[in-house]
*Asks:* 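After the structure tokens below, expect a handful of questions from me.
Order of appearance sets the numbers: ligands from 1, and atoms from 1 within every ligand.
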Amino acid sequence: MPSPHQILQSVFGYSTFHGPQEAIVTHLVAGGDAIVLMPTGGGKSICYQIPALVRPGVGLVVSPLIALMQDQVDALKELGVAAAFLNSSLTTDEANQTERAVLTGSIKLLYVAPERLLTPRFLALLDRLDADGKLGLFAIDEAHCVSQWGHDFRAEYLQLSVLAERFPQVPRVALTATADTMTRQEIRDRLHLNGASEFVASFDRPNIRYTIAERDDEHRQLRAFLSERKGEAGIVYCLSRKKVDATAAWLVKSGFQALPYHAGMDSADRRANQLRFLRDEGVIIVATIAFGMGIDKPDVRFVVHLDLPKSIESYYQETGRAGRDGEHSDAWMLYGLSDVVQQRRMIDTGEAEEQYKRVARGKLDALLGLCETPTCRRGRLLNYFGEPQVAHYRCGNCDNCLSPPETWDASEPVRMALSAIYRTGQRYGAAYIIDILRGNANATVKVRGHEGLSVFGIGRALTDLEWRSLFRQLVALGWVEVDTEGYGTLRLTTAARPVLRGETPALLRRTADTSGAKRDKKPRVNVEGLAGSALALFERLKAWRRDTAAADNVPAYVILHDRVLREIASGRPSSLAALGRISGIGENKLRRFGERLLALVNDA
Ligand code: ADP
Ligand code: ZN
């Protein structure tokens, strides 16, 4: 039997394991149970695929994502692995055929939907395999679906504990990209994985560049961002269906290949759009957060948030859909204080219990803190997930590291702002308070007689934009709280007292320059990194891949990833051996595509 390492090289074409992969594989091959926490793109699949190939019999992969099974199985077949799936998309005949193939031992990896696995008929089939010692392992993917608190909860997942009782000697591995300790404990309890070893990978996604900017002119900012990313695939998240439709239409009008996706659409249209996003190159999908679970596309180059997500967890999960292939990608978000007010109102007016609302408010505040931090975004994110960073950690790949925001002593204007809130009776939102500070004697100000206040017009030295930034930071710092009953009314907290008394100085970040003049200093490593004949070759390789993928009826990335094509284009391998050394080209792909790829290189 080949060793895990040999399989990694010959089947998958990779030279080394990443992070805890090797330890996990060794543990499972030896028959142990495991809980695996790894970020999206961290390489979870290999952790159960290789043990399934090494161990006798078939490895069962339980996944709730029916739409994904086909692609995963296609990808394995392209690698020369005997894989199949069983779910409701198959006809009875097809399903019977697959079951027979499993019983005769000609399938090494079987993907199965939980509801199918739990049928008496299927459990009986597993009994037969087990009696012959032909059950290699159980992998439970997206294991956080056992959590009743999360929004991915699946009732059938709770019943998967039956596997522990019925097949106690078959190793089980539960995998998830959800990091928090509560979910972790729930997985352990609900799936009866009491003795399982836990493997936790770092949740850092070094290839994702984080940028969070103040919303100023949304369309102009979005166009500027996208115009540097023509032809790349990405997701643009909006909070409402209406905004999804409007944004998609606007993008199309502006010359981008954009499609909408939300729960209010006809389900056939929605599926068609999702499929185009997966199969075609360079499609932008504009979506509500309903879109995402089950998107396994590795070459999503950017995730844009036009509205604030509801927590750091959501932000991390949604941005995590970018760059699964490890290539440079962007997480780009616009936000303003009105987003905070809107999210706050959604929490306050929701049906949930007060205890839950308090947690939700706390999470929103933490996200606001991330938005307003003058320090490294990645450091802040990792800290939040319990990976403490060294002091003054700088990742070098977020907006704050690339162009560090200046801080300034804002004690004086902060005192002005706090007293303006106080003197108007803590009954108004930021926009109105800014009018007062800037001496904007509009109709409302006049009606209320606020022209006569001592704070009226004392803040003319700052622009509207600067004041808005200042108010957001006041909220982020916890000196001011937003009350949503009165439409974003601002109120002082007790923490504001020492500031108001002049005992605590207020060091704030300067308003980010959103004019676009200050661009990323670090050049983006990308397709554009290729020039001249290499670029021409890359384009030819892509055209070949498109045809091959169409012939096999699979997405392009299932044939070969962009990175592999780029390496061929720049390195111009001249022999099969040289081609085989490229990461991502295993024996089967070399056999199938090797000659053709060399011919394409030679034609150049
Ligand atoms: P996850 O399921 O954790 O999101 P995947 O299993 O889809 O991640 O892996 C993400 C990407 O990383 C895939 O393109 C995969 O082929 C690649 N990958 C995984 N492990 C390795 C490795 N050891 N070396 C190189 N690439 C790897
Ligand atoms: Zn950073």
*Asks:* Can you tell me the angle formed at the Zn ion (ligand 2) by SG of C395 and SG of C376, to 10°?
*Replies:*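 If I round to 10°, I get 100°.
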
*Asks:* Just say parallel, tilted or perpendicular for the rings of F385 and F203, cut-offs at 30° and 60°.
*Replies:*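 Aromatic pair F385/F203 classed tilted.
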
*Asks:* For residues 62-85, dump all side-chain donor-acceptor pairs below 3.5 Å to protein atoms at least two apart in sequence or in another chain.
*Replies:*
from	atom 1	to	atom 2	distance (Å)
S63	OG	L65	N	3.2
D71	OD1	R279	NH2	3.2
E78	OE1	R592	NH1	2.5

*Asks:* Would you say the rings of Y316 and Y384 are close, in the sense that their centroids are separated by under 6.0 Å?
*Replies:*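 No, ring centres 6.0 Å or more apart.
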
*Asks:* On the 0 to 90° scale, with breaks at 30° and 60°, tag the Y315-H305 ring pair as parallel, tilted or perpendicular.
*Replies:*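 It falls in the tilted class, 30° to 60°.
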
*Asks:* Considering only heavy atoms, which protein residues lie less than 4.0 Å from any atom of ligand 1?
*Replies:*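 Within the 4.0 Å shell of ligand 1, which is judged on heavy atoms, sit Y14, T16, F17, H18, Q21, P39, T40, G41, G42, G43, K44, S45, I46, R324, H561.
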
*Asks:* Does R324 make a cation-pi contact with Y557, if we ask for NZ or CZ under 6.0 Å from the ring centre and within 45° of the axis?
*Replies:*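 Verdict for Y557: no cation-pi partner in R324.
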
*Asks:* Whether D141 and K44 form a salt bridge (side-chain N of Lys/Arg under 4.0 Å from carboxylate O of Asp/Glu) is what I want to check.
*Replies:*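 Salt bridge: no.
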
